[in-house]
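What you see below is based on every heavy atom in this structure, not just the backbone, and it leaves out hydrogens, waters and symmetry mates. These figures come from a predicted structure and were not determined experimentally.
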Amino acid sequence: MQVAVVTFDGFNELDSFIASALINRCRKEGLEAFITTPTPVVTSMNGVEVTGQRPMEFVIEADVVLIGSGVKAREVVDDDQLISRLRLDPSRQLIGAQCSGALVLARLGLLNGMPACTDKKTRPFLEACDVTVLDTPFHAEGNIATAGGCLASQYLATWVITRMLGEDAARDILDYVAPVGENQETVERAMRAVHTGEVALH
């Protein structure tokens, strides 16, 4: 089970690294995340250079695709050539977006009629795409999820682990990474955010 954490130039480190780090604690269970980039090296919003682990075309074969955010998100959605490389299939893939990554999902037509979560700065741009923005950190319908706020990336990872390996696996990972003495409240907050944010499709 492979996860593509799509990471563009100008990316937010918290978004890409928290999600990939949490998911990669499930390697023994067969779930593994890879920083997936459009160019061999991308530079974060704070100047950190990162070598991609997989090329953009990896999104086609990945079981899960998470679109990270960054300061160049609007440039990304305006780049037809770059967007054309994101060939996603919500019928067989879990697809998630973090903060401004929701703009990419909107550009791909994956949020039609579906509300989404994003950060404060991105909100007006997402609303301009006729997407209803929720005042919550996480929302999912079927195989598509969005998270708003950098630290909500833990909720996106929790959703992925729960969907792929079950709730017990997600709870174990969260318990391990939680601040000492705050284990139970950290686990319950994340599980509550995911359960509350998931809409059952019938």
Side-chain angles (χ1 to χ4, degrees), residues 2-20 23 33-134 138-150 152-153 156 159-160:
Q2 301 184 110
V3 181
V5 181
V6 178
T7 303
F8 300 107
D9 211 39
F11 73 95
N12 182 318
E13 301 95 332
L14 291 172
D15 296 349
S16 289
F17 294 156
I18 290 175
S20 61
I23 291 167
F34 300 91
I35 299 295
T36 302
T37 55
T39 53
V41 176
V42 290
T43 303
S44 79
M45 60 192 289
N46 294 307
V48 179
E49 289 190 351
V50 172
T51 301
Q53 296 173 290
R54 294 288 186 274
M56 192 66 96
E57 286 63 35
F58 175 63
V59 300
I60 298 169
E61 63 183 89
D63 303 289
V64 181
V65 179
L66 300 181
I67 309 291
S69 76
V71 294
K72 297 183 179 180
R74 282 182 286 152
E75 293 174 37
V76 169
V77 297
D78 287 338
D79 187 332
D80 292 341
Q81 188 174 4
L82 183 53
I83 287 294
S84 70
R85 296 170 71 186
L86 287 168
R87 290 157 55 195
L88 309 184
D89 182 0
S91 70
R92 66 170 186 83
Q93 294 174 309
L94 292 184
I95 300 169
Q98 178 67 43
C99 291
S100 61
L103 290 172
V104 176
L105 296 194
R107 175 73 164 76
L108 292 170
L110 295 173
L111 295 179
N112 289 346
M114 175 180 166
C117 301
T118 194
D119 60 280
K120 291 179 184 177
K121 286 188 176 180
T122 304
R123 181 173 190 143
F125 300 105
L126 194 57
E127 289 177 335
C129 299
D130 291 326
V131 176
T132 299
V133 177
L134 303 171
F138 178 83
H139 181 76
E141 293 185 19
N143 287 344
I144 297 176
T146 53
C150 301
S153 50
L156 208 50
W159 176 71
V160 170

Engineer: Say you draw a straight line from CZ of Phe8 to OG of Ser69; how long is it, rounded to the nearest 0.5 Å?
Structural biologist: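 One gets 10.5 Å once the value is rounded to the nearest 0.5 Å.
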
Engineer: Should Thr37 and Phe11 be marked as a side chain to side chain contact (heavy atoms under 4.5 Å, CB included) after you check the CA-CA gap, both sets of side-chain angles, and the distance that decides it?
Structural biologist: CA-CA 10 Å; Thr37 55; Phe11 73 95; over 6 Å; no

Engineer: Between CZ of Arg74 and CZ of Phe125, what distance do you get to the nearest 0.5 Å?
Structural biologist: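 With rounding to 0.5 Å, CZ (Arg74) is 3.5 Å from CZ (Phe125).
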
Engineer: Nearest heavy-atom pair of Leu110 and Pro90: which atoms, and what distance?
Structural biologist: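 Closest approach of Leu110 to Pro90: CD2-CG, 3.8 Å.
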
Engineer: Could you check whether the rings of Trp159 and Phe138 sit parallel, tilted or perpendicular, using 30° and 60° as the cut-offs?
Structural biologist: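 Aromatic pair Trp159/Phe138 classed tilted.
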
Engineer: So how far is it from Leu126 CG to Thr132 OG1, rounded to the nearest 0.5 Å?
Structural biologist: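 Reported to 0.5 Å precision, the distance equals 9.0 Å.
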
Engineer: May I ask you to decide if Asp119's main-chain N or O and Thr122's side chain share a donor-acceptor pair within less than 3.5 Å?
Structural biologist: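 The answer is no, because no donor-acceptor pair under 3.5 Å joins these two groups.
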
Engineer: If you take all heavy atoms of Ala106 and Leu111, which pair is closest and at what distance?
Structural biologist: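 That closest heavy-atom pairing would be N-CD1, 3.8 Å.
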
Engineer: Hey, what do you get for CG (Leu103) to CD1 (Ile67), rounding to the nearest 0.5 Å?
Structural biologist: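 Separation between the atoms: 11.5 Å.
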
Engineer: Using a 3.5 Å distance criterion without hydrogens, assess whether the side chain of Ser91 forms a donor-acceptor pair with backbone atoms of Asp89.
Structural biologist: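 No; judged by distance alone, with no hydrogens or angles, the pair does not exist.
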
Engineer: Is the shortest heavy-atom distance from the side chain of Thr36 to the side chain of Val5 under 4.5 Å?
Structural biologist: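 No - every pair of side-chain heavy atoms lies 4.5 Å or more apart.
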
Engineer: Would you say Arg87 has more than 12 foreign heavy atoms packed within less than 6.0 Å of its CZ?
Structural biologist: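 No, because the 6.0 Å sphere around CZ of Arg87 holds 12 heavy atoms or fewer from other groups.
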
Engineer: Looking only at non-hydrogen atoms, find the nearest pair between Leu156 and Gly96 and report the distance.
Structural biologist: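 Distance-wise, the nearest heavy atoms are CD1-CA, 4.2 Å.
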
Engineer: Would you check, one step at a time, whether the test side chain to side chain contact (heavy atoms under 4.5 Å, CB included) holds for Ile35 with Ser16?
Structural biologist: CA-CA 7 Å; Ile35 299 295; Ser16 289; 4.2 Å; yes

Engineer: Just by distance, do the side chain of Gln93 and the backbone of Val59 share a donor-acceptor pair under 3.5 Å?
Structural biologist: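 Yes, because the side chain of Gln93 sits within donor-acceptor range (under 3.5 Å) of the backbone of Val59.
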
Engineer: So Thr146 and Thr118, do their side chains get closer than 4.5 Å, heavy atoms only?
Structural biologist: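 In short, these two side chains do not touch, never coming nearer than 4.5 Å.
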
Engineer: If you count heavy atoms of other groups shown closer than 6.0 angstrom to CD of Glu61, is the number above 12?
Structural biologist: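 Counting other residues, nucleotides and ligands, CD of Glu61 exceeds 12 neighbours.
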
Engineer: To the nearest 0.5 Å, what is the distance between OG1 (Thr7) and CD (Gln53)?
Structural biologist: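 One gets 9.0 Å once the value is rounded to the nearest 0.5 Å.
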
Engineer: Quick one: closest heavy-atom pair of Ala145 and Leu105, and the distance?
Structural biologist: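 Where Ala145 meets Leu105 most closely, the heavy atoms are O-CD1, 4.2 Å.
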
Engineer: Only pairs at least two apart or in different chains count here, so list each side-chain hydrogen bond (donor to acceptor under 3.5 Å, both in side chains) that has a residue in residues 96-111.
Structural biologist: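 As it turns out, the side-chain hydrogen bond (donor to acceptor under 3.5 Å, both in side chains) pairs with a partner in residues 96-111, which skip direct neighbours, are Asp80-Arg107.
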
Engineer: Please examine the side chains of Val48 and Glu13, heavy atoms only from C-beta on, and report whether any two atoms are closer than 4.5 Å.
Structural biologist: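 The answer is yes; the side chains approach within 4.5 Å.
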
Engineer: Any heavy-atom pair between the side chains of Leu94 and Asp63 that's under 4.5 Å?
Structural biologist: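 A side-chain contact under 4.5 Å is absent here.
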
Engineer: Within a strict 4.5 Å, meaning less than it, do heavy atoms of the Leu86 and Met56 side chains meet?
Structural biologist: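 Yes, their side chains come closer than 4.5 Å.
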
Engineer: Where do His139 and Met114 land on the side chain to side chain contact (heavy atoms under 4.5 Å, CB included) test, with the steps shown first?
Structural biologist: CA-CA 10 Å; His139 181 76; Met114 175 180 166; 3.9 Å; yes

Engineer: Can you find a pair of side-chain heavy atoms, one from Asp15 and one from Cys99, that are under 4.5 Å apart?
Structural biologist: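 Sidechains of Cys99 and Asp15: in contact.
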
Engineer: Would you mind reporting whether Leu66 and Val6 have side-chain heavy atoms less than 4.5 Å apart?
Structural biologist: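 They are not in side-chain contact.
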
Engineer: Within this structure, what is the CG-CE distance for the pair Asp9 and Met45, rounded to the nearest 0.5 Å?
Structural biologist: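 The CE atom of Met45 is 12.5 Å from CG of Asp9, to the nearest 0.5 Å.
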
